[in-house]
Amino acid sequence: AMAICLHSRIASRVLLLLKEFYIRTPLDMYKSVYSIPWEDIIPDDGYFSIVTSIDTRTITNTHFAGQKCKDAIVDRIRKHRSRRPDSGAEKDKTVLFLYWHDNKGAIYIDMSGTPLHRRGYRLNPWQAPMRENLAAAVISATKWDPYSMPFVNPMCGSGTLAIEAALMASDTAPGSLHKNFGFMHVFGYDKDFWRNLLLDAMNTRRVCESTRIFASDIHPGAVRIARENAKE
């Protein structure tokens, strides 16, 4: 999961499945979630949030489903540790993903936490920005060879396509621009292993003296913003 978060250019999330279950009612979901040993996953002095994908006739309020899921986790940790982690809407610590469609349920750890398309270099998104991972997917769908073809990005806006092309040409791991991931906030996170992954990624970067990337826009403000984002 760490390696995917570091190297994937196209993924938005990396989800680690904890459990699948059959559910009909909110109580079924509560019991299934409660049965997971959360005390071995989330620190009792930590913080977690829940993202949901709900499509069932059993309930119409997705917020209620997320609340019942949160209650199950908190109750389990409090029983085993006498303390409970905080929870809320922020996605900068432990992030969990609850899936409930018809009678099928599952819960995952979101190992990425913040969506991976938020690389961190886009200081200003300008107007109608393209997501960074979508830009990488568009480039990957072409026949562009960075070592024999120029890359031309007219109407560049904030420069996302051109910047993603530069990251690809130089073999820069997109996740190396991130400072925070969801996997950093669960038990089992190995700092030394992550540090070694980062070091390996940095050592495989290439200097592309022959690669030519052109970005232009009719609006001077867009060019200025694209320059700032590229510098970042």
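Keep in mind that this is a model prediction, so the values were computed, not measured. When reading the values below, keep in mind they use all heavy atoms of this one structure, side chains included, and skip hydrogens, waters and symmetry mates.
Phe64 and Val33 fall within the same hydrophobic cluster, defined by Ile, Leu, Val, Met, Phe, Trp and Tyr side-chain heavy atoms under 4.5 Å apart, directly or through other members. Hydrophobic clustering (ILVMFWY, side-chain heavy atoms < 4.5 Å, transitive): Ile109 and Ile4 are in one cluster. No continuous path of ILVMFWY side-chain contacts below 4.5 Å connects Trp100 to Tyr30, so the two sit in separate hydrophobic clusters. With hydrophobic clusters built from ILVMFWY side chains whose heavy atoms lie under 4.5 angstrom apart, Leu6 does not share a cluster with Tyr121.
Remark: Glu39 engages Arg76 in a salt bridge, criterion side-chain N to carboxylate O under 4.0 Å.
At least one donor-acceptor pair under 3.5 Å links the side chain of Asn229 to the backbone N or O of Leu123. Under a 3.5 Å cut-off, the side chain of Thr211 and the backbone N or O of Pro146 do form a donor-acceptor pair. Although no hydrogens or angles enter the test, the distance criterion places no donor-acceptor pair under 3.5 Å between the side chain of Asp102 and the main chain of Lys104. Proximity of a side-chain donor or acceptor of Asp55 to a complementary backbone N or O of His101 within less than 3.5 Å is not detected. The backbone N or O of Asp28 sits less than 3.5 Å from a side-chain atom of Thr25, completing a donor-acceptor pair.
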Tell me which donor-acceptor pairs under 3.5 Å the side chains of residues 41-48 have, and how far apart each pair is, sequence neighbours excluded?
| unit_1 | atom_1 | unit_2 | atom_2 | d |
| --- | --- | --- | --- | --- |
| Tyr47 | OH | Gly88 | N | 3.3 |
| Tyr47 | OH | Ala89 | N | 3.3 |
| Tyr47 | OH | Glu90 | N | 3.3 |

Would you give me the side-chain donor-acceptor pairs under 3.5 Å for residues 191-201, sequence neighbours excluded?
| unit_1 | atom_1 | unit_2 | atom_2 | d |
| --- | --- | --- | --- | --- |
| Asp192 | OD1 | Arg195 | NH1 | 2.6 |
| Asn196 | ND2 | Asp192 | O | 3.3 |

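Among all heavy-atom pairs drawn from Ala135 and Thr160, the shortest one is CB-CG2, 3.8 Å. Shown here for Pro115 and His178, the closest heavy-atom pair between the two residues is O-CE1, 4.0 Å. Nearest heavy-atom pair, Val74 versus Pro85, reported as atom, atom and distance to 0.1 Å: CG2-O, 4.5 Å. The two residues Ile59 and Ala65 come nearest to each other via the heavy atoms CD1-CB, 3.4 Å. Of all the heavy atoms in Ser8 and Arg119, the pair that sits closest is O-NH1, 4.3 Å. Here the closest non-hydrogen pair linking Ser12 and Asn133 is OG-ND2, 2.9 Å.
How far OG1 of Thr114 is from NZ of Lys91: 9.5 Å, rounded to the nearest 0.5 Å. Atom CD in Glu164 sits 11.5 Å away from atom CG in Asn153 (nearest 0.5 Å). Leu167 contributes atom CG, which lies 6.0 Å from atom CG of Leu177 (distance to the nearest 0.5 angstrom). We find the CZ-CE distance between Arg13 and Met111 to be 14.0 Å, quoted to the nearest 0.5 Å. A distance of 8.5 Å separates OG of Ser87 from CG of Asp71, quoted to the nearest 0.5 Å. The OG1 atom of Thr52 sits 10.0 Å away from the NE2 atom of His63 when rounded to the nearest 0.5 Å.
Grouped by direct or indirect side-chain proximity (heavy atoms under 4.5 Å, Ile/Leu/Val/Met/Phe/Trp/Tyr only), Leu17 sits with Leu15, Val51, Val95, Phe97, Tyr99, Tyr108. Cluster partners of Ile139, using a side-chain heavy-atom cutoff of under 4.5 Å among ILVMFWY residues and allowing indirect links, are Met130, Leu134, Val138, Trp144, Met149, Phe151, Leu161, Met168, Ile213. Counting side-chain heavy-atom gaps under 4.5 Å among Ile, Leu, Val, Met, Phe, Trp and Tyr, Ile218 is found in no cluster with other residues.
The salt bridge (charged side-chain N to carboxylate O under 4.0 Å, His left out) test applied to Arg9 returns no partner, not counting sequence neighbours. The salt bridge (charged side-chain N to carboxylate O under 4.0 Å, His left out) check on Asp75 picks up Arg78, with sequence neighbours excluded. Residues passing the salt bridge (charged side-chain N to carboxylate O under 4.0 Å, His left out) test with Arg84: none are found, sequence neighbours excluded. Residues that satisfy the ring-ring contact (aromatic ring centres under 6.0 Å, His included) test with His185, not counting sequence neighbours, are absent from this structure. With sequence neighbours left out, Thr204 forms a side chain to side chain donor-acceptor pair (under 3.5 Å) with no residue at all. Residues satisfying the salt bridge (charged side-chain N to carboxylate O under 4.0 Å, His left out) test with Asp171, not counting sequence neighbours, are Arg206. For Tyr189, the ring-ring contact (aromatic ring centres under 6.0 Å, His included) partners are Phe183, not counting sequence neighbours.
For the pair Met184/Asn180, a side-chain contact is recorded, criterion being any heavy-atom separation below 4.5 Å from C-beta on. Counting heavy atoms from C-beta on, the side chains of Thr94 and Trp38 never come closer than 4.5 Å. Contact check for Arg205 versus Ser176: no side-chain heavy atoms found under the 4.5 Å cut-off. Within the 4.5 Å cutoff, no side-chain heavy atoms of Glu132 are placed close to those of Pro174. Residues Thr58 and Ile23 fail the side-chain proximity criterion, which asks for heavy atoms closer than 4.5 Å. Cys69 is listed as a side-chain neighbour of Met29, based on a closest heavy-atom distance under 4.5 Å.
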Original post:
What do the steps show when you test Phe21 against Ile107 for side chain to side chain contact (heavy atoms under 4.5 Å, CB included), and what is the final call?
Top reply: CA-CA 9 Å; Phe21 34 80; Ile107 191 159; 4.2 Å; yes

**OP:** Start with the C-alpha distance between Ser35 and Lys19, add both sets of side-chain angles, then the distance that settles side chain to side chain contact (heavy atoms under 4.5 Å, CB included), and finish with yes or no.
**Re:** CA-CA 10 Å; Ser35 69; Lys19 187 173 184 178; 2.4 Å; yes

**OP:** Kindly indicate, with the supporting measurements, whether the criterion side chain to side chain contact (heavy atoms under 4.5 Å, CB included) is fulfilled by Val14 and Leu116.
**Re:** CA-CA 9 Å; Val14 178; Leu116 293 177; 3.9 Å; yes

